[in-house]
Amino acid sequence: MRDFWQYQWQALKFLALTTMFFMLTTAAMAAEIQDMRIWTAPDHTRVVFDLSKSIDYKIFRLHAPERIVIDIKYSTIKKITLVTASDPVVKSVRYGMPKKSILRVVLDVKERVDLRSFLLKPMHHKPHRLVVDLLRESAIAHKNKSKTIMRKRQHDIIIAVDAGHGGEDPGAIGRHGLLEKEVTLRVAKKLVALINSKPGMHAILTREADYFVPLKKRVKLARQAQADLMISIHADAVKTRSVQGASVYTLAERGATPDRVAVALAAKENAADAIGGVVLDDAVDDPMVRNILGDMAKRDSLNSSQLLAENVLVEMKKIGVIKYKSPKRARFVVLGALEIPSVLVELNFISNPKQERKMKNSKHQDRFATALYEASKNFFRRMGMLHSNQYAPSS
Ligand SMILES: [Zn+2]
């Protein structure tokens, strides 16, 4: 009899221990939502959840009232307050636990939207992430409206101004916290305003606010606008604080002798897609670059990009230090529109505290914009697209 009870006691102990073990492992298994961010783009809203680990989730829409439901298995959530007031799609975010094993996050939305969602693995100091894109149907009307604006300006020279990074992808970060994506957007907006204040030229932005645009979409937007020129604006960073100076890049031909510095920079800039979060349908391959352009046209376009880049260096030299005397080449995705003369400009090193301070300064941002405007103008003049009496110097 005593043996029996002893056996029972052992069994009970075993049961208690295994239960505890399972409870502990379930707790260890549970993912935690640690933060949430909202990025508002003209045609969609992106909601990003930072996760402690990868999750198993289900997402669906419910109507009347319109809402998006995300059910996440075995998860918890930190108390998060999310300001959604200025977003045209998301009204509010709520969460609860309809079952013990399910965390339910509900996005109340102002209009019917299409959904796209995907998980991102940790990279560049970012944790596991769940990205939910709410694609606006009303954005189609917005697109048609901008096409009408384009048609009115058919006789203008069109410049696509590309503000590097945005949204989830901050780009380089200065010692005092200045983000590359902020500098690039401010300079880009100033450049667009300057161009649009002059007759005969019209500028468009590939990114208008703080949201992420995939690299190939930037190229596509420049093409849709039928741009005659594209300038992609960036700011560089390295570990050594003292490094400074502007640099300019163009697209390298396939098979060209690689320039070590330019290749490293291109790899860094091309990583924007992975950091910002790109899904497959964003990255549609554009057949134009690969097939349609003949060798002659490619050569012409690369030569004009080189001329544009040289003009940019001349103007950048007037307002500060230059890192390299001549433009460098590498395979930057954002310079993929071979039929459009395109350059990528690193305004300076945001990692240099003195340059960071300058880049933050609105007057210095004006100088950058003026330099890029003058370079474009001189380029079009040399290409015979502008007559020298058409423009008085802007300064
Ligand atoms: Zn950059």
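Counting starts at 1 for both ligands and their atoms, in listed order.
Contacts of Lys363 classified as side-chain contact (heavy atoms from CB on, under 4.5 Å), with partners at least two apart in sequence or in another chain: Asn361, Arg367.
A donor-acceptor contact shorter than 3.5 Å is absent between the side chain of Glu32 and the backbone of Leu51.
For the Zn ion (ligand 1), protein N/O/S neighbours under 2.8 Å (waters excluded) are His165 NE2, Glu180 OE2, His234 ND1, Glu269 OE1, Glu269 OE2.
Using a 4.5 Å cut-off between side-chain heavy atoms of Ile, Leu, Val, Met, Phe, Trp and Tyr, Leu135 forms no hydrophobic cluster with any other residue.
Side-chain polar atoms of Glu315 and Asn378 form a donor-acceptor pair below 3.5 angstrom.
Taking the charged nitrogens against the carboxylate oxygens, Arg37 and Asp50 do have a contact shorter than 4.0 Å, which makes a salt bridge.
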Pairs under 3.5 angstrom only: tabulate donor-acceptor contacts from the side chains of residues 232-246 to other protein residues two or more places apart or in another chain.
| from | atom 1 | to | atom 2 | distance (Å) |
| --- | --- | --- | --- | --- |
| Ser232 | OG | Asp162 | OD2 | 2.6 |
| Ser232 | OG | His234 | NE2 | 3.0 |
| His234 | ND1 | His165 | NE2 | 3.2 |
| His234 | ND1 | Glu180 | OE2 | 3.1 |
| His234 | ND1 | Glu269 | OE1 | 3.0 |
| His234 | ND1 | Glu269 | OE2 | 3.3 |
| Asp236 | OD1 | Lys268 | NZ | 3.2 |
| Gln244 | OE1 | Gln355 | NE2 | 2.6 |

